[in-house]
Each structure stands twice: as C-alpha cells, then as structure tokens.
Amino acid sequence: MSAIYDRVLAFMEADIGTGAAADEAFNALALAVFAHQFEHNQPYRRFAMQRGRTPRGVKSWRNIPAVPINAFKDLTLSCRPAEESARIFMTSGTTKGGIRGQIHHTTLAVYDRSMLLNFRRRFMAEAGAERMAMGILFPTETAMPNSSLAHYLELARAECGTPDSRHWIGEAGIDIAGLYDRLDAAERSGQPFALLGASYGFVHLMDAMARDGRRFALPEGSRILDTGGFKGQSRELEPDEFYGQLAAFFGVPRERCINMYGMTELSTQFYDDGNAVCPSLKSGPHWIRSRVVDPLSGRDVQAGSMGVLVHHDLAHVNSVAAILTEDAGILEEGGFRLLGRVAGAQAKGCSLAVEDFLAAARG
Amino acid sequence: MAFGDDPSVIELAGHLPGLPPDTVERRVLTFGSGAAALRVAVPVLDAEQVERVAATVRAAARGYLKTLPTAHIVAVIDAAIQRLLDREDPWRRKAERLLPVVTGYDPEMVRLGLTGYLKTFRAHELRRFLAEDFANPLVLDEFQPAPKGGFTRAFGPDLLLHVWAGNVPGLPLWSLISGLLVKSGTVGKLPSAEPLFAGWFAQLLAEIDPRLGECLAVVWWKGGDAAAERAWLAQADTVVAYGGNAALAAIRDRVPVTTRFLPYGHKISFALVSRAALDPRRSGETARLAAHDIARYDQQGCYSPQTLFVERGGRLSPQDFAAMLAHELAVQARKHPRRVLSMAEAGEVAGWRDGQAMRGLDGSGHLLLSDPAGGWCVSCIDAPDGLAPTALNRTISVVAVDDLAEVAGRVAPHRAVLQTAGIAAPPEELFRLAGPLGAAGVTRLCALGSMTAPEAGWHHDGRFNLLDLVTVTEIERSAEALAEGLARYAD
C-alpha cells in the first residue's frame with residue numbers, strides 16, 4: 001500500500017482542530033490525494049485534463065474536479081487495475097436503465113476505519129458502552145457481497161454489536177415472528193437495543209406490525225438507524241410521517257432515530273443528530289467536506305442557496321475523492337440539509353423528453 | 001409598469017362568455033420572481049358554470065358563427081392578427097411585455113417569434129390553409145356539387161374542446177383558428193405554462209366582433225383534475241388534446257366513446273446536413289441556420305432538433321462543423337440568452353453534458369464543446385448513433401454519418417414520435433431522402449433554419465387539421481333525382 005493510504009489513515013485518527021489550521025490540513029491532504037488519483041486513475045486523469053484541472057494548477061480542494069456519480073456506470077474509476085480490487089461495491093441501479101455503477105476498493109482498510117471512527121462517534125457515543133445489542137434489517141454481506149450497505153451493517157454488528165446481535169432478513173424476507181420475540185426480550189431486558197437497516201425495510205416491518213397490531217416500547221437509550229430512502233421498494237413516506245411512525249411503533253423518540261446518508265460512491269458516511277425536526281442537519285467527520293454547486297457551472301452557489309451537493313471524501317483513496325451527486329441541498333453552519341434528488345424535469349413544451357422517448361422505444 | 005406584491009396588479013386570464021366576471025372563482029399562478037414577478041389569475045369554474053359557458057358557446061355558434069360565410073370569419077381573424085402584428089397596438093405591447101415573464105424566454109426572441117408566427121394567420125395565408133384541406137373551401141358554406149354526383153357540405157362540431165399544453169408562446173392559436181374556420185363553437189383549456197395568449201386572442205376577437213366573441217370560451221383547470229376534465233369532456237363533440245402520452249392516455253380514457261378524440265403527442269425532430277453544405281463558402285451559413293433552430297424557444301417545440309446528422313466527406317468534417325455550430329450557439333447565447341432553468345432542468349442539462357463528456361474519456365475521439373457557464377452544449381459523436389433526445393435547452397448531438405441515406409434507417413425505430421426533419425442538401429438529394437424519411441414516419445421536411453416556423457397550412461403531425469374536424473353531409477344523386485320528380489313543374 002502506498003504512502004498516501006498511511007497519510008489518510010493518520011489524518012483520520014488525528015485531531016485537526018478547527019478554523020484556518022484545519023482548513024489548511026484538509027486542503028493539503030486533498031491536494032495530495034488528487035495528485036495520487038490524477039497519476040494513477042487514468043479515466044479520472046482524462047476527465048481532469050478535459051476540464052483543464054491538473055495537480056500543477058489546482059491549489060484549493062474546491063477546484064479539484066468532481067466526477068458525476070453516473071460516471072461510475074461507464075468507467076472503471078480506480079487507481080489500481082480492476083483485477084486487483086479486493087472488493088467491488090455496486091450501486092443499486094435504480095436509474096439509467098438498470099445499469100449499475102462499480103466502485104473499486106483495492107483495500108477495505110480505509111473504508112472500514114472511516115466507517116468505524118465515525119459510527120462510534122455518531123451512533124454509539126451516547127450509548128455509553130463499546131457495544132450494544134443490535135438487530136439488522138438488511139440481508140447479510142454473504143447474501144449481498146457487492147452491497148456497500150451490507151458491508152457497513154456487518155461492520156457495525158461485528159465491531160459494535162453484542163455477540164447476540166444478528167440480521168433479521170434472510171432469503172425468505174424479514175423473520176417477523178423471530179424479530180417480535182427479540183424485541184419483546186429487549187423490552188423486558190431493560191437494556192438499550194439498536195435497530196439498523198434500510199429505510200424501506202422499516203416500512204415493511206411497520207406494515208407487518210400494523211397488520212398484527214404490534215407495538216414495542218424499547219428501553220431508554222435504544223436507537224434506530226435508517227438509511228437509503230425507499231427506492232421504490234416500499235411505500236414512499238414523507239420524513240415527518242416516517243419518523244413519527246418509527247417513534248410510535250418502537251417507542252424510540254425521534255431524536256434517537258438517526259438517519260445515515262451514505263453513497264456507494266463514497267467511503268465515508270454522514271449522520272444527523274436525530275430527526276425531531278425534518279429535514280435534519282447532516283454532517284460528516286473532518287476527512288470529508290461538502291460543497292453546494294450550480295450544476296451547470298460547477299461553481300459554489302451563494303451561501304444559503306440551494307444547489308447540488310459535491311462531497312470530497314479523502315477516505316475514497318483508490319477511486320475518486322470528489323463526487324458530484326444528484327442530491328439537492330443547502331449548506332448551513334455545521335452541515336447541510338438534504339432536499340431530495342435533482343431529477344425529473346418535465347419538458348415545458350411539446351418536445352419529447354428522455355423519459356417518454358425511452359417509454360416509446362420500449363413500446 | 002411595476003409588478004410585485006400589489007394585489008391590484010394581476011392579469012386575468014381566460015374568456016368566459018355567459019358568466020358575470022365577479023361570479024368566477026380564480027386561482028393565482030405566479031411567474032418569474034422578485035420585482036418582475038407576474039401573477040395570473042386563471043378561472044376555476046364549478047359544474048354549473050361549465051354548463052352555462054358550454055350552453056352559451058353552443059347557442060352562439062349555432063345562431064351566429066355557423067351562419068357566417070367562411071370569408072367573413074377569415075376577415076375577422078385577419079383583423080385580430082393585424083392588430084397583433086402592429087407593435088403599437090396595446091394587445092401586442094402587452095404580449096411583448098408579459099410573455100417573456102411567463103415563459104422565461106428572451107424578450108427579443110419572443111418578439112421575433114410572435115411576428116413570424118402571426119404572419120402565418122393573415123387572410124391570404126388562411127385561404128391557403130383552407131385550400132390545403134378542401135379542394136373547394138365553399139363546401140364549408142353551402143352544399144357544393146361533388147365530382148361523383150350529388151352535393152356535399154362540411155360541418156364543424158357544435159362544440160370543439162381544445163386541451164392545450166406547453167409554454168411555446170401562442171401555440172394554441174393553431175387549433176383555435178382551425179376550429180373557427182370550420183365554424184365550431186370553441187372551448188380551449190389554457191396551458192398552465194403559458195395561460196395568457198389564447199385568452200387575449202379571444203378577447204381581441206370579441207372586441208372586433210362581439211357576437212363572434214360569444215362563440216368561444218377560454219377556460220382553465222389544473223392538468224389532471226379528473227372531475228373538471230370530465231365535466232368539459234362530456235360537453236364536447238370533438239376533443240383536440242396536446243401533451244405527453246401519459247396525459248393524453250388519461251384524457252382518452254375519459255372521453256365518451258361517441259366523441260371524436262384527436263391527440264397530438266410530444267414529438268422529436270432532427271436535422272440532416274449534406275456534405276454539399278459543408279464547403280467553406282456555405283458552412284458558416286449552415287451552422288448559423290442550425291444554431292437558430294436549436295436556440296429558438298430553447299428546443300421546447302416538437303419541431304426543435306435534438307440530433308443533427310452530418311455527412312462525412314465534405315470539405316469540412318462533422319467535427320469542424322460541430323466547432324462552427326458551437327461558435328454560432330455562443331453568438332445566439334449573447335443575442336438571445338437562454339431562459340433561466342429550474343434546478344431540475346439545470347441538473348438534467350449538466351447530467352447530459354457530463355454523460356457525453358464521459359464518452360470522450362475512452363479515447364473514441366468523441367468531441368464535446370460546451371459553454372463553461374452551461375448555456376449550450378454540442379456533443380459530436382463519431383459512433384454510429386441513432387436518434388436520441390438531449391437535455392433540450394440548447395443541447396445538441398452532432399452524429400457523423402457516411403451517407404445521409406443511412407439516417408432514415410436510424411430514425412425508423414422511433415416512428416411514433418417523429419415529426420420534423422430540417423434539411424440542408426442539394427435538390428436531387430432532398431428528393432432522394434424524402435421518400436425513405438417519409439416512410440420512416442417523418443411528417444415534415446423543411447429547410448434547416450425554418451424548423452421552428454412551420455409554413456401556413458402545414459399538416460401538423462401529418463394530419464389534415466381542418467378536415468379532421470369536420471363531418472361531411474352528402475346529398476346523394478338519388479335524392480336529387482327523386483326530388484326532380486316531385487317538383488311542382490315536373491311533367
């Protein structure tokens with residue numbers, strides 16, 4: 001592994017403080033990571049040259065060219081040959097005709113370190129213990145080896161869960177009866193319990209609970225982590241309705257219902273501090289920074305204006321650190337608010353738009 | 001005139017004969033922002049008011065419009081068009097002032113577009129319109145001898161309902177005027193994206209001929225409002241509807257089976273540039289014409305090109321042409337800036353552009369030329385691509401082909417959505433290409449540079465716009481012969 005990995009790992013462990021010194025430290029490492037990726041990631045090098053941005057000219061991390069997430073569907077954006085990848089995570093393929101983007105990791109060491117440092121700080125800190133009892137509402141990593149979320153949740157369970165923590169989704173779907181028993185037991189034990197999983201998984205579970213007339217009042221200190229939204233896998237709920245229902249069905253107050261915002265195209269996640277108010281403020285650790293840009297010019301929008309989120313994740317060493325998302329957001333002191341996806345523009349006139357064209361082509 | 005929060009400054013949309021203005025509930029749509037914002041109050045009618053307006057229009061059409069000779073209707077429409085062509089006329093001034101606010105298009109582009117468009121409805125052009133569909137336009141006025149014997153007369157529907165869509169200024173005039181020419185009582189539903197022009201035109205007609213003004217109404221309901229839509233669809237004898245396939249399918253499902261339904265779906269258009277147009281003497285003009293078609297109404301029209309097929313083997317290569325086109329689009333961007341895009345639209349343009357940029361990274365010689373600020377974008381493709389929609393808003397694919405004859409085959413899979421092909425090619429080639437393109441589903445071939453300005457009397461989407469509206473009543477020869485025998489002077 002090259003020196004840049006060690007620098008990134010050291011940076012993640014360090015306390016870089018705040019203010020100008022922290023800015024300078026982030027910037028210096030961002031430029032080093034850019035130089036590394038420019039040198040070793042050929043498609044990214046061409047992309048950066050096409051934009052006239054090279055390590056020689058770029059002095060601020062804000063000018064490092066951000067790759068649109070769609071690019072992962074067409075290009076292998078990796079600093080090492082694809083056959084050396086220890087793991088390939090794939091996007092869910094909900095857009096662009098089901099084509100899935102591929103994200104190559106030569107090693108998962110940085111990803112795992114990034115995940116754990118951050119997860120302990122943002123989800124486990126208040127628990128007051130190194131480990132807590134967990135139930136995972138998602139298939140296992142063995143069942144979904146290309147899912148970054150499966151890997152994330154497995155790390156959470158293995159590194160932060162008590163030994164009896166386990167997954168509750170198998171080939172036959174959610175083990176509803178087993179989970180009811182587990183939640184009953186958690187209720188009786190008085191020990192905090194954590195439920196973690198995809199947002200749509202919670203919707204399916206709550207639909208079953210409504211059908212069965214079940215409710216739980218999990219002990220004080222219990223927490224919920226949801227992520228990923230609904231992706232057409234379940235009913236779509238407004239955030240307020242979703243967190244209101246979580247609180248009602250599990251007895252976990254909304255301020256302890258944490259939403260994780262992550263992307264397969266990154267190695268670091270964002271969290272909020274609960275969802276008493278929606279949309280919540282999301283933030284990440286010191287090795288990831290976000291910008292809000294005008295999608296057309298790529299320039300930062302005025303402070304407080306809505307734009308498209310760009311995330312600059314120093315932990316994403318093997319691929320590309322700067323990612324242009326399709327998520328709309330607004331920067332605020334201490335983080336950003338997510339305002340949904342930037343998509344679905346309808347033609348204003350009578351000109352055929354892409355969606356209709358594809359529909360017509362399908363017949 | 002300043003617009004803002006002053007509630008008195010509000011534009012009333014629509015035209016509602018038979019209803020006292022103060023009884024109509026209105027809903028306010030806001031366009032633009034800040035000091036330039038414009039508020040438009042569109043009418044929201046209840047079921048009883050729908051019946052009242054429909055009855056008024058129907059009765060007025062029977063009692064007046066249907067008794068007028070077509071020539072008189074042509075004269076009234078012409079008078080209204082002449083007013084709108086006069087830049088000093090208050091209606092014209094209002095249109096020039098407000099339509100750019102409502103649609104977001106560059107004011108000068110709107111002004112030029114309006115004049116070019118309105119000219120196609122002057123009296124002599126309307127006569128062309130009639131002659132295109134009726135060998136003998138008098139067939140609309142009285143029974144005319146038919147070549148097979150007997151007599152024929154054409155009748156428009158008593159109540160023709162137009163469901164308009166889109167933000168291209170003035171577009172509803174096409175079908176509105178078609179309906180009047182065949183003497184239909186007319187009700188039009190304003191598009192929410194441009195809810196003014198059709199109502200103004202109706203009011204102007206009423207100003208010129210108050211009785212004619214009773215024969216048409218311009219109304220509004222929220223797109224997809226099933227109850228309002230049903231109420232109107234139940235009144236109509238014929239329905240002309242514009243929109244995306246999903247919207248049209250929803251309307252079709254609500255149209256009574258005995259009502260004639262004429263849908264106009266969204267379409268895609270493209271252009272062909274022959275190598276003959278790519279010599280140094282002509283190529284500049286060719287690029288200028290193409291840029292005009294792309295920039296006009298920011299490609300929102302069904303006739304706007306989304307792909308240019310450019311022939312290899314000319315003095316200039318397709319890549320050279322793409323570079324010239326990029327230059328011309330930059331000129332257009334200065335002269336007629338693109339309207340301000342919503343976040344979703346900007347995201348779509350950026351996504352398309354970035355996707356095209358990615359194609360260049362595999363070393364295939366793909367060329368991408370774009371405005372750093374994102375105002376336009378040309379993607380030059382060397383691969384054998386077919387027709388594909390771009391992100392509109394001045395984004396265009398230039399696809400290199402060895403021979404323009406290949407194009408018909410490449411567009412043929414999209415027959416159902418094809419409309420205009422703009423062509424820059426010598427005469428033999430024009431006619432050589434026209435047959436296969438027509439067979440592939442293209443309904444309009446025009447000069448590059450004229451794609452957004454269909455000529456008077458064009459057949460929209462290949463249909464007979466007047467003929468489709470009428471029914472003919474025939475007096476057969478037998479009736480005539482029998483009548484002869486019953487005449488008081490029969491021998």
Side-chain angles (χ1 to χ4, degrees), chain A residues 41-52 65-77 95-96 293-299 301 305-308 324-329 339-363, chain B residues 103-104 165-168 171 193-194 242-246 264-269 297-304 306 339 341-355 357-363 368 371-375 387-393 413-414 416-417 419:
Chain A
N41 184 337
Q42 292 312 310
Y44 182 53
R45 181 193 187 92
R46 285 196 289 274
F47 174 81
M49 304 236 319
Q50 195 185 53
R51 311 230 154 173
V67 171
I69 53 167
N70 257 321
F72 288 94
K73 293 173 177 164
D74 300 318
L75 300 170
T76 301
L77 287 159
T95 56
K96 206 180 171 186
V293 303
D294 172 324
L296 283 172
S297 69
R299 285 195 287 267
V301 298
S305 300
M306 181 164 86
V308 179
L324 171 63
T325 71
E326 292 175 347
D327 298 321
L339 303 169
R341 282 171 63 80
V342 182
Q346 295 283 318
K348 295 227 179 238
C350 46
S351 205
L352 193 74
V354 179
E355 285 290 298
D356 284 343
F357 182 82
L358 292 176
R362 281 193 297 269
Chain B
T103 61
N167 73 341
V168 175
L171 213 55
E194 194 278 89
Y242 300 81
N245 283 344
Y264 289 92
H266 291 171
K267 293 288 190 286
I268 189 168
S269 297
Y297 300 134
D298 300 337
Q299 281 168 304
Q300 298 294 325
C302 42
Y303 40 44
S304 304
Q306 300 199 43
R339 76 200 161 83
L341 301 186
S342 72
M343 174 76 75
E345 289 172 311
E348 205 121 303
V349 169
W352 183 82
R353 178 193 64 193
D354 294 340
M358 293 302 149
R359 294 187 66 171
L361 298 183
D362 59 9
L368 184 76
D371 172 16
L387 182 64
T390 64
L392 307 181
N393 299 306
H414 311 295
V417 292
Q419 195 204 62

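In what follows, every chain begins at residue 1, and chains take the letters A, B, ... in the order their sequences are listed. Everything numeric here is computed off the predicted structure, so don't read it as measured data.
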Mind checking what makes side chain to side chain donor-acceptor pair (under 3.5 Å) contact with B:Gln306, not counting sequence neighbours? A:Ser351
Can you sort out the partners of A:Arg51 under salt bridge (charged side-chain N to carboxylate O under 4.0 Å, His left out), two or more places apart, ordered by chain and number? B:Asp354
Under 4.5 Å from any heavy atom of chain B, what part of A:Met306 do you find: side chain, backbone, both or neither? both
Max heavy-atom pairs within cutoff under 4.5 Å with chain A, candidates B:Glu194, B:Gln299, B:Gln419, B:Lys267, goes to B:Lys267
At a 4.5 Å cut-off on heavy atoms, which part of B:Thr390 comes close to chain A: side chain, backbone, both, or neither? backbone
CG of A:Asn70 to CE of B:Met358, rounded to nearest 0.5 Å, is 8.5 Å
Under 3.5 Å: donor-acceptor pair, side chain of B:Arg353, backbone of A:Leu296: yes
What part of B:Ala346 gets closer than 4.5 Å to chain A, counting heavy atoms only: side chain, backbone, both or neither? both
